[in-house]
Amino acid sequence: MATTVILGVIGSDAHVVGITILERALETAGFDVVNLGVQTSQEGFVEAADAHDAEAVLVSSLYGHAEQDCRGFHRKITAAGLDVTTYIGGNLSVGQNDFEETRETFREMGFDRVFDSEAGPEAAITALKRDLGMREAEAERTAIST
Amino acid sequence: MATTVILGVIGSDAHVVGITILERALETAGFDVVNLGVQTSQEGFVEAADAHDAEAVLVSSLYGHAEQDCRGFHRKITAAGLDVTTYIGGNLSVGQNDFEETRETFREMGFDRVFDSEAGPEAAITALKRDLGMREAEAERTAIST
Amino acid sequence: MVRDERLTDDQLHRIDERVRSAWPTGAAIDFEDAIEYHETLPDHKRFATVLESADRPLLQPRAGVPRLEEQIDLLEHLRTAGGADLLPTTIDSYTRDNEYGKAEDGLVEARETGENTLNGFPAVNHGVDGCRELIEAVDAPVEVRHGTPDARLLAAITFAGGFESFEGGPISYNIPYTKEHDLAETIEHWQYVDRLAGAYTERGVTINREPFGPLTGTLVPPCIAIAIMVIEGMLAATQGVRSITLGYGQVGNIVQDVAALHALRALGEEYLHDAVSVTTVFHEWMGGFPPDEARANGVIGLGAMTAAVANPDKVITKSPQEFEGVPTKEANAAGLRTTRQLINMVIEQDIRIEGVDRELNLIQKASRELIERVLSLGDGDVARGTLAAFETGELDVPFSPSDSAKGDVLPARDDDGRVRIFEFADLALSEEVKEIHRNRLDSRARTEGREQTFRMVADDVDAISDGMLIGRPAGGR
Amino acid sequence: MVRDERLTDDQLHRIDERVRSAWPTGAAIDFEDAIEYHETLPDHKRFATVLESADRPLLQPRAGVPRLEEQIDLLEHLRTAGGADLLPTTIDSYTRDNEYGKAEDGLVEARETGENTLNGFPAVNHGVDGCRELIEAVDAPVEVRHGTPDARLLAAITFAGGFESFEGGPISYNIPYTKEHDLAETIEHWQYVDRLAGAYTERGVTINREPFGPLTGTLVPPCIAIAIMVIEGMLAATQGVRSITLGYGQVGNIVQDVAALHALRALGEEYLHDAVSVTTVFHEWMGGFPPDEARANGVIGLGAMTAAVANPDKVITKSPQEFEGVPTKEANAAGLRTTRQLINMVIEQDIRIEGVDRELNLIQKASRELIERVLSLGDGDVARGTLAAFETGELDVPFSPSDSAKGDVLPARDDDGRVRIFEFADLALSEEVKEIHRNRLDSRARTEGREQTFRMVADDVDAISDGMLIGRPAGGR
Ligand code: B12
Ligand code: B12
């Protein structure tokens, strides 16, 4: 059985290209992807994770309001009794910031991994495989079939 | 009677375009210009200043070896018993240096004024007029005739 | 049901009242006072005047920070250090969502911490007086640039605040910018904005309107962009707008970009009635940038070069920091100067590239097919036709995040790097046009020895940021 | 008296002896050992192999610092961070003057203070072993770039040291670079360099030779540059050189630059016999740069664009810090990446600009007139003809600092920004060609409503650094 991951763009952000590329790449890599699209609320993510019994939630944010948009997100996840791996990626702060600081901020907010916008689908897939302990065999099967 | 200035590129530097432009501009501004051309030795400058009874010596250097090329220059001028105003301009050091430091270096070597390569003919003319106390009248006459 | 008809004065006033009461700063809006205010502005701050009398492409950056003083400094920096001819004020995302409360929080936080917690200038919160302070402090015309589906209050405040140009439109600020906004409603909202601009115009205060040409910024086929520009132009003209700047975002193939800009101007002039002054704006590459300032300068250089050949009325510049985030003001000014230097060096060369006419014909034909289909779907009413066309997918935008567009169309580059359509879905193009697109893409597929799949599209999306124009499989051509 | 004849083995050996004794490091030169050494080099470090088999323009920067380890770091940085395909080693000015003692002092001082007291790499002082250390440490072919009128010892040492490409020639490294060198003597000195390259070539070690096309870098009319390139190519070929890269420096008008590069290739192939492999190199703008990195990037962008259209075999890149002084390695790498991004994005577009053929015919005709005049002045001997032509001014270079050229020719831009000749002096061009130049310049003078004077030339010299291509009087066109 394939692993389910939730994907979406948080807040009022409408940058859709990144998650479109991510969705297809994750599917090709063998994941079941639930793509919530852009402008998804925190509740939207939590409900979808719950409903689909997802193992990971991938939050995308490009427009620079990620920090405001994610405040309280992990509290909601915990409140819903969910135990999911959470990633966030994109352009996470407004302006030209030092990424290490940004990473720290989002790690402290509860995200398991924080990606900058240079990180493409491969980085997400590699990380998911490691973190979710996807069976080697499965990984290999999908590698052969693509 | 017009003021005589000596112009040349020092050392083994062959960048001729700058002094060509300077020569014409100085002439138009009413100076008598003795253009020694490129690759002029320290002795060349001193002899010309002496021979032409010049009031100023304008040294140009673009290629980055100005400091080495000018060592001892002012000693030679003094030794020849000359009392001339000396300017240097161009790209005076190798690489991307702080110009204020460069200016200091050449001021200490004895140059009355030090110009960076953004300084064009106008800067040289204005400075010469001030330093050599060229009569206002003369300046005006030439301004009208050009 | 929405129709392409001019709002009556009565309707305008009624909506006006409602709009103004949406947020406290709305109360300060007074039309007569605003007209008087605009009349005090000198000619060199009047947007339409400056734009329409220029004899070379004018340059304009994007820029917006939350605090007023900082925004003034930013704009003055872009004007003096960057040499911008026209200035922008980019609005923050909360305001775009009409979340003025959140914008207020962000503004307060920005004022307290000194950090830019908003990605733009919350003009509604600054109010009429704040806007006027800005207009007075900067010495060039300023445009409101945003991305707001319901921009009524923003328009009312910024027009009263002295701005004389306003970007956006019902399609171009809905489809690429949001998910759930109903298109019919957005058209109504923009009818108000356009009517308000028209009302100012009738009183001698021309408000320039600029539909947002680049749409999703991502491999948008020129015919789609142009059709939408012309439609938005028609909608605006109906409401009395008389200064319209149609936009187009660079795709990166010079022949196609030059042809598209010419087609845009020609079709704009053809479809908009003579009372409208049509100008064009070219946006330097709006898709993903390279994660490297030096390479980004190459992308900007190509944009500038294209502008110098196509000669649009205005160019929106990018900065070398585009990839990373909102640029510093220095980087923003650098993008302007790089662009200026290149345009200045090239524009007098009067360059003509072979093949532009052929591509222009193709683009014009395809654009016209889309526009005509919209008009016929609406029985001559462009508003109704637009709704119908998006409903059926006969008009569509690739990579659209919006529920109002099918987003089924997929573009890919051909062997010359021109953007063609790969998946037409229900797009209202003739077999003749489709055939040309197909042939061109087939020949690319053959060059690369691979099938046309989404992989090719994805490769093309990444290509420029990866340092190429065409997303060839590793090993290249 | 110098003649265009191949040096005999005897002559070569005799000169060899003399050259090697000019400085202690000369003693380490051993031809047989050198051949063996070159044979150990892998294909990807062989200059001619890499250059001649490339299917896209290869990029090469300029770079030279005094110390060996630093030069290695610099080159590896340019290769890895800049993506350079071919590497340079730019020689310092004292070495160019054969002042090896001063170069030694500078090198010692550089080693002691850590500062770059020399404006390049003193290869003679580093000697054969130093050069080999460099060649081994960097992972791409490396060329010696200098500006040395008498480059015999430099050639002997660097060839033995593993370099397989050597810039310069008797005219191009005399006329623009020095004042008092006698041209006849310089031709003799370069006959030795070329013969030495020929001797290596005959043993299977191809030494690529690259005449310096930009000359004074300042508004050089294409016909003059091309004629000199072809002449130097002929002189080199006589001595057995079989890999010749003819150079050309951007003037900034794309049509003229593309036409000139095509003309250069065509005439090179026509005048050099079939055994010679002719390639071309395009130098990004060699004149005065803007004193601003952002604007400099615009100039670099135009160079890259031109390269993408003209498709030369090699491009010498500039850095955004050109104006200020020798660039940092980061800025140098940035210039490479900006150029690469733009070329990559444009080259597959296969752009053809109108008017190139017409300009190409004009350039070819004028270049041919100069070349033929040189040949006829020398009764078929290109060396003698060259001396005679420079003597009479029938061949001349604008802004030449050298006593060996009249330097009476003055160029100016026409209304499209193409470089035309303003003052022909004794240049051997037909009335027909002159008429065209005159007409074009007349029409510019009319546009500007002013006379053609030196002021116009001076304005054109400053134009690019002032942000324009054409030096229009204030107020512009
Ligand atoms: C195209 C674009 C747009 C289009 C978007 C169309 C659409 N609906 O998608 C338009 C023009 C509409 C637009 C609008 C805006 N944009 Co915009 N936009 C871009 C641009 C140029 C490219 C984005 C893109 O599509 N890249 C290509 C895709 C494939 O890459 P990606 O999005 O980065 O995603 C990849 C990675 O980031 C990563 N990734 C992304 N998310 C995640 C999540 C996880 C978990 C992981 C592992 C990885 C991952 O994987 C993806 C696939 O490879 C970027 C700048 C840039 N990058 O060059 C600016 C940019 C993102 N935009 C920006 C801004 C500010 C805006 C606006 C607010 C203002 C404006 N300029 O009008 C509005 C916002 C509207 C809104 N409500 O969201 C800023 C954000 C600033 C910041 N963070 O500091 C940027 C950086 C531009 C800039 N330098 O100012 N934009
Ligand atoms: C054209 C050029 C060449 C041509 C010169 C042709 C000729 N014979 O004139 C060629 C290609 C031959 C050349 C060769 C070299 N060059 Co060169 N060259 C340039 C370039 C691109 C433009 C210079 C120019 O003509 N500018 C236009 C004129 C009008 O401006 P200007 O020379 O700056 O002069 C004005 C002002 O500086 C001022 N001024 C000048 N002198 C004075 C004096 C006084 C008293 C005053 C008041 C004002 C003043 O007024 C002038 C008129 O407006 C510059 C970089 C740049 N500036 O963009 C490099 C540059 C000067 N060259 C440089 C170098 C290193 C060399 C070489 C050593 C190596 C090489 N690259 O091959 C050789 C040296 C050869 C030699 N023996 O001298 C470096 C110098 C580095 C440094 N100082 O750190 C520069 C800065 C390039 C760089 N960034 O590396 N070069």
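Here is how names work: the chains are called A, B, and so on, in the same order as the sequence lines, proteins then strands, and each is numbered from 1.
- The parts of D:Ile464 that come within reach of chain C are both its backbone and its side chain, each placing non-hydrogen atoms under 4.5 angstrom from that chain.
- With a 4.5 Å cut-off on non-hydrogen atoms, C:Val299 touches chain D through its backbone and its side chain both.
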**OP:** Output, in order, the C-alpha distance, side-chain angles, deciding distance and verdict of side-chain hydrogen bond (donor to acceptor under 3.5 Å, both in side chains) for C:His437 and C:Arg418.
**Re:** CA-CA 10 Å; C:His437 284 246; C:Arg418 301 186 195 173; over 6 Å; no

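- The CZ atom of C:Phe289 sits 7.5 Å away from the OG atom of C:Ser319 when rounded to the nearest 0.5 Å.
- Across C:Gly301, C:Gly252, C:Gly298, the residue that shares the most heavy-atom pairs under 4.5 angstrom with chain D is C:Gly298.
- With respect to C:Asp442 and C:Arg420, no salt bridge is recorded, no charged nitrogen being found less than 4.0 Å from a carboxylate O.
- Side chain of C:Thr218 to main chain of C:Thr216: a donor-acceptor pair is present (N/O by atom type, distance under 3.5 Å, no hydrogens or angles).
- Contacts of C:Met468 with chain D are made by both backbone and side-chain atoms, with heavy-atom separations under 4.5 Å.
- Between chain C and the options D:Val356, D:Ile300, D:Ile351, D:Ile254, the largest number of non-hydrogen pairs under 4.5 Å is found for D:Ile254.
- Evaluated for a salt bridge (charged side-chain N to carboxylate O under 4.0 Å, His left out) with C:Arg472, the options C:Asp415, C:Asp460, C:Asp462 yield exactly one hit, C:Asp415.
- Interface summary for chain C: among D:Val255, D:Asp55, D:Asp292, the most heavy-atom pairs under 4.5 angstrom belong to D:Asp292.
- Residue contact with chain D, scored on non-hydrogen atoms closer than 4.5 Å, is absent for C:Pro320.
- Neither the backbone nor the side chain of C:Asp414 comes within less than 4.5 Å of any heavy atom in chain D.
- From D:Gln60, atom CD reaches atom CZ of D:Arg79 across 14.0 Å, with rounding to the nearest 0.5 Å.
- Rounded to the nearest 0.5 angstrom, D:Leu264 CG and D:Tyr248 OH are separated by 9.5 Å.
- At a threshold of 4.0 Å, the pair C:Glu348-C:Arg56 counts as salt-bridged, since one of the basic side-chain nitrogens sits closer than that to a carboxylate oxygen.
- Here C:Asp416 does not pair with C:Arg444 in a salt bridge; the nearest charged N to carboxylate O distance is not below 4.0 Å.
- Contacts from residues 335-345 of chain C to chain D, taken as heavy-atom pairs separated by less than 4.5 Å, involve C:Arg337, C:Thr338, C:Gln341, C:Leu342, C:Asn344, C:Met345 in sequence order.
- We find the CG-CG distance between D:Asp313 and D:Leu58 to be 7.5 Å, quoted to the nearest 0.5 Å.
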